[in-house]
Every structure is written in C-alpha cells, then in structure tokens.
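The structure under discussion appears below in the form of structure tokens.
Every heavy atom of this structure was used, including side-chain atoms; hydrogens, water molecules and symmetry mates were not. Reminder, nothing fancy here: chain letters follow the sequence lines and each chain counts from 1.
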Amino acid sequence: MSDLLLDDLNPQQNLAVTAGDGQILVLAGPGSGKTRVLTRRLAYLIERQNVPSYDIIAVTFTNKAASEMENRVTNLVQRNLEGIWLGTFHAMCARLLRREAAALPFNSNFVIFDSDDQQTLVKRAMRDLKIDEKIHRPVSVHAAISALKNDLLSPAEAPTRSYREEVVARVYARYEDMLRLNNAVDFDDLLFWGAKLLRENPALREKYAMRFRHVLVDEFQDTNLAQYELLKHLSSYHKNIFVVGDEDQSIYRWRGADYRNVLRFEKDFPDCEKILLEQNYRSTQVILDAARCVINQNHNRTPKHLFSDRGQGNKIVKYEAVDDRAEANFVVDTIAGYLGGKKAKASDFAVMYRTNAQSRLIEEAFMHAGIPYHLVGAQRFYGRREVKDIICFLRLVENPSDEVSLQRVIAVPPRGIGEKTLANLQFAAAQAGKSSGDALLDLGRQVDRSEFWPSIGRSAGLLSDFGAMLAGWVDSKAQLSLVSLFDRVLTDVGYESYVNDNTDEGEDRWENVQELRRLATDFQDRGLTEFLQNLALVSDQDTLKDEETDSQRDASSVTLLTLHAAKGLEFRQVFIVGLDEGILPHSRSRDDPEEMAEERRLFYVGITRAKDQLYLVRAERRSTFGDVDYGEPSRFLADIDDSLILNQGKRSASRRASYEADMTWGPAYNTSSRAPRRVTFTSPQAKSSRYKAGMRVRSASWGEGIVLESKIEADGEETVDVHFESVGFKRVIASLANLEIVE
DNA sequence: TCGCCAAGACTTTTT
DNA sequence: GTCTTGGCGA
C-alpha cells in the first residue's frame, strides 16, 4: 500500500518523522529536506497518532515559513488545523500576552513598536536623562538593551560593572517606563514577557504546558535564551519537543541567537534522540565539497557529511575582477551570455552579497544590460515615510496613549502645531496624570470647556481641531470597517494631496499608500488590532515582497539579495560577490573569533544555496564612497580545495599557466565529462578578430566606447574588451554584442 | 511654524 | 554617493 505521508522519505527523514514521544533533535544540513520533515511530522502526528491539532504548537522564525508549513500540512491532512498554534515566535508570544495580559504590566490591546519606534524612544529616554548622544550612540545603547532583554534581564538585573553598563541600565529603566506609559511593547518584549510569564507563574505555565502535548520548532539554531526558555516551559509537562536546526546555518548571533542552544538542548535533555539529515537534494557534489571545506574550519559543531546523488557537477568558477565595476559586469555579462544562448532563464540566477550597499553597482549593471532583476528585502516598504505615517494614525486610533505615534503624526500634514504647542500639550496632560492622546481627545470633544484649554493658551484651538478629528475616528472605529476607517483617515487629513505632488516620487508615495490599503482589505474581517500586529511582526520579505517577487518571478528576473536573506532559498546558479577581506568576512568581525565563525557560516549558507553552479567573485580594488581601496582576497577562498575551482578573471596568480581557461567566458567546464560543455553562440567561427584595440565602437545598450583588446577564443568566439563612456569596462562577445564600428 | 539647504554621518546582517 | 540631521531664514 502506498503511503503518501512516508513513502518518499529517506531512512533518516523517516526516522525523524515517525519518532516516538520525547525530545527529538534533528540536525538538518542544507538542502536535506528540513521543511519536509517538519511538515510530515506535523501531519504524521495528526493523521497517524490522532493528536488533535489543538494540542500542538509549532513555531518558526518567519511568517513565510509558518504559512508555508500551514499550507503544506493542510494539504497533507486534507482538513483545517483547528486550534493549532502555528506561527512565529513573536506572533505566538503576542497571542499569549494578549490572553494573559491580566498578569502583565500592560493591557491586552498593547501596540508593538517596530525598530524605528524603539529608536525614537531610546533617544527620548536618553534626552530625558541628559545622556550625550555623541558619546553613547542611541543605536548601540538600544542594541545593548535588546541584548539584555534577550538574556531575560530586567532593568534592575542589568549589570552595572562599568560606567557604560551603568548608562545602559539607566536608559533601559527609563525606556521600559516609557513603553509602559505608551501601553506598548517592543520586539524583544514579546519574548521577554512570554518567558517571564511562564517562568514566574506556575499556574499559567501548567495551563499551557498541559495543553501543548507537542512542541515543534523550526530553525532551532536561531533561538536566543528567551526563546529557549519559553520552549522549555511550554514542553515542561508532556516533554514532547521536536526541534529542527543546523548549527552551521546560524547567522543571527548579533540578534541574540545562540547556536549553542543546540548543545544546551542535548545537555538539558540527555535522553533526547538525535537524528542527522545528511543527504542533500539540492546541490552537486562539487558545491557540497566546497561548502564542507569552508565549514570544517569551525568548531563546536556536530560534523556532518553532506552527500548528493546529483553527480559531481561543474567546477566552481572563481573570478577576480580589477574593480567593483568589473565585478558587477562579470556577473551581468555571464548571465547575459546564458540568457542570450537561451540556456537558462533569469529566475535561475541569484547574486548574493554581504551588505546591501553592494547591490547598487550590480543593479546599475543589470539596468544597463536590460536584464530584469529584483531585490529581496532591501528597502523596506513599511519603513517608507508615507506608510509609517498612516500606520501611526491607525495606531493612534487603536491606542491614543501611543505618544510615539502621536508625536509623529500631529503635524502631518503641517497644521500649525509645532514643538512648542506639543510641549504645552504634553505638559498639561502630565499635570493631569493623563497621556497626551487623552488630553487631545478631551480638547477635541469639549473644546473650550476642556480642563486643558486654559493651560495651553493660544494654540489650543489647533490642538482641539486635531483632537476632534482623532475623536471622530476613535468613536467610529467600532462601526466602520477597517478599510472605511483607513479611507476616512486619509480624507480627513487630506493625505493624498499631501504626499502626491504629481512628481514621480509623489506618485510612488501614493502608490505605496494604496498598497497598504490593499493589505488592509485582507484584514477586513480580522480588524484593526490584528492588522497592526501583523504590520509590526511581518517582515518585509513576508508581506507584499512575496506577491511582488512572485509576480516578478513569473516575469523571470534575477534575484539580488544579501547572504542573510538567502537562507532557506535555492537557485540553479549563484554568484557570491565581494569575496574580499573586510567585506566577507566583514571588517567588524575581524577581532572576534565567534564573529569570524559566523561570517564563515554566512558564506557557507551562500554556497549551499546553489544547485548547479557557483561563482565566487571578488574585486582587487573597490570604491567605498569616493575613495578607492585595494583589498586582499577573502581568507575563505583559500579554504576551498583547488581541485574544485576554475579560475577566471584578470589575474589568477596561481594559475597563470592556464591563461586560456582564465579567458573562458561562459559556464565552467564540466569536471565529469571529457568534452568541455560550453555555451555555443550563434555566430560563425571567426578566424581573425574584427575589432582592434583603439577602435571606436557603439553598442545598443552602452553607447560608444573604445576597444581595449580583442581576441579569438578556443571556441572561435571573439571576445572584445571595451571601455564604454557610459559604464566603463566591459568584456563582450562580439557575435552577441553587435558592436558597430564608428569612424 | 515650516521648508530649504548644507554639512555630516554612515554602511552588517532584521524577527 | 546617499540619507539624515540641524540650522537658519521667511
């Protein structure tokens, strides 16, 4: 009898999916079917073990992973997962905190502050405490506070061994007070209070621990201490906890993630069953071998031997460009070659880099070449000013005590309320022990009969007008649907004419507002609270980026993304650029071995995204805002066995002899077959070069330029190096580029 | 109070 | 090279 649930699993996967009760630790190498195991396990519990979905909690890190899991499992079991808790750590905690708000220092309709809001709040706390922002940068103070929360330390428990720590602790305390006054929590609070609630409240702990017979966790290596403790509490009664992860792919240390939680798990649950998934279904063996060369240099991990039945595959192409522009051109030209030869489609390719700043040159090169591309997770939709404005209006309606939102929108669009007036309002409100929002509402409703009217003076009328508007929204939010409320806010404040000045940017801004409105329509039946929570907890990759990338993928475009954003994805051909000391590994990790190990894992994650072909690219010289710097090749390159690499590019010190190979343009030789597999272009074999150094040429895409060099390759193709006025150096295939000789 | 302009900072990754 | 911040004038 065929078994749709188990038939197509390999022995290890099967072992994991059908494991009995208890603690199961699945260490899943990249491409080893981790998601599959997790979804099948869930389906197996429900279908085969008759566990009611109500008894299960399954946590992930991204909304994308959560909804993917939900879809897959729903498909497998052919019914809805009633009562299940399935979602991100943050969303699950938010649910817990709203339910149990009675035991917490905030109300159940708390708002979630995003990193922008957190930043503003830290700054305000520091100003209140008269701490010099030049000496203690708010970003780093905030990072320190965040780290304390991740370690479950309250302001009172924060260490004060140094002056710096003492400053952080003081700001932390003030910051917390302000959050509470705003009835707000930050990202870290969700986990912090979730863990604290269960730790300090035995009755509640028992309530949830008894309910959740099974706890399942994805990306376990990315958990921080708060998350780890939360999981321990949740599984403290039935002790059935199934975690899937890979220490080697832990790349969020800076956010408090501690891959050593994997080791901690083994120590805390000595009876746990440990299952290794080592068969890789994604990459060729060459790619896996290279990945192993890189990751084996790290310690404190469970060694894994990834293997593939996909064959050896092509060698990895290493390309050293003269500068960052040439680096980008190499990537784009190579892809153009495939696309021109119809050997691949644009969506087969991804270009990965360490920092977002690196994407610019690459984007430019793609633009010039007319190849469609899209960015993953770069500029954040919801960090856009206009989007944030609207969100803050809505948050204010939801929770008038939200001072951060109030301050942001009280003068949007400008309505004569400035710093002075705002300060008056805040002072008057504080005198009465109320929030500015409440005072504002009172002014709006009572106008000059309001208790606040006399103490504010001249500008009370302006405040009252705005207050009346706000009161109108608050009063009607129960009757109005979410979208109607949305529209009403827009009309009342005259937002369209404010942002849309009919320039391109204006249109763009208004388009973003419309996009947000579309998002709101999805939440019609769930209401404002859920909409706002979702906006705060949904990462940018998750929301409309998804729709955007989906539609753009159909249109077939190359994916540009950071190495961090690449985790969990796969592409036929992957370019990793910027393999230079200081970039990858990043200069900031130079002095810390742990950080360096993480850079290595980041590279490892990048390598293992490639299914068929990997390109490792660097530039000898690159410009960092104006200045040009000469860099050393990344130390990670040296770790990869020479036999796996094919050198291309300007200069390959160790490989001067194979000059021919250096000049090869196009896909690498296939190591497993004798005949070089190379894209052949449509042109007839050229016997002598048509273009000569010094010639002036014109190309359709790049305009005019000067030929630097031209030569005939082994395959008969003529490659021409041209310096274009518009884009600088380019190496093109004559038969493809259609260069016109200018007299 | 608001909008413009110039100087300065800043580039690691983001649930 | 780009975004943010702060100062200054209207």
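One interatomic measurement links the two molecules: CD1 of A/Ile410 to C1' of B/dT1, which rounds to 14 Å at whole-angstrom precision. Put simply, CE on A/Met352 is 16 Å from P on B/dT13, counting in whole angstrom units. Straight-line distance from the CG atom of A/Leu462 to the P atom of B/dT1: 9 Å, rounded to whole Å. Atom CG of A/Asp116 and atom C1' of B/dT15 are 15 Å apart (whole Å).
Centre separation under 5.5 Å together with a plane angle under 30° does not hold for the ring of A/Phe187 and the six-membered base ring of B/dT15, so they are not marked as stacked.
Between the base of B/dT15 and the side chain of A/His90 there is a donor-acceptor pair shorter than 3.5 Å.
Remark: A/Asp592 engages A/Arg253 in a side chain to side chain donor-acceptor pair (under 3.5 Å) (not counting sequence neighbours).
For A/Thr421, a side-chain nitrogen or oxygen approaches OP1 or OP2 of B/dT1 to under 4.0 Å. For B/dT15, the OP1/OP2 oxygens have no side-chain nitrogen or oxygen of A/Thr60 closer than 4.0 Å. Phosphate proximity of B/dC10 to A/Arg137: present, with a side-chain N or O under 4.0 Å from OP1 or OP2. In this model, the phosphate group of B/dT15 is not approached by any side-chain N or O of A/Lys567 to a distance below 4.0 Å at OP1 or OP2. Residue A/Asn356 places at least one side-chain N or O closer than 4.0 Å to OP1 or OP2 of B/dT13.
Set against B/dT14, C/dG1, B/dT15, the side chain of A/Arg360 has C/dG1 as its closest nucleotide. Side-chain proximity of A/Arg255 to the nucleotides B/dT13, B/dT15, B/dT11 is greatest for B/dT15.
Ring centroid separation for the pair A/Tyr495 and A/Tyr498 comes in under the 6.0 Å cut-off. For A/His564 and A/Tyr252, the ring centers are positioned less than 6.0 Å apart.
Using a 4.5 Å heavy-atom threshold, the side chains of A/Phe113 and A/Asp402 count as touching. In this structure, A/Arg260 and A/Phe265 have side chains that are not in contact, with every pair of non-hydrogen atoms separated by 4.5 Å or more. No side-chain heavy atom of A/Phe466 sits less than 4.5 Å from a side-chain heavy atom of A/Leu463.
If you find the closest nucleotide of DNA chain B to A/Lys420 and to A/Thr88, the one lying nearer the 5' end belongs to A/Lys420.
Annotated stems with DNA chain C as a participant read B:1-9 with C:2-10, given as range with range, by first number; only runs of 3 or more Watson-Crick or G-U pairs under 3.5 Å qualify.
At the heavy-atom level, A/Arg601 lies nowhere under 4.0 Å from the strands shown. Backbone-only contact: A/Ile417 has heavy atoms under 4.0 Å from sugar-phosphate atoms and none from a base. Among the protein residues, A/Arg253 comes within range of no part of the nucleic acid, since none of its heavy atoms lies under 4.0 Å from any strand. At a threshold of 4.0 angstrom between heavy atoms, the contacts of A/His586 are confined to the sugar-phosphate backbone, with no base atom among them.
Note that A/Arg526 lies in the cation-pi zone of A/Phe523, set by a 6.0 Å cut-off to the ring centre and a 45° limit from the axis. For the pair A/Arg601 and A/Tyr259, the cation-pi criterion (under 6.0 Å, within 45° of the ring axis) is fulfilled.
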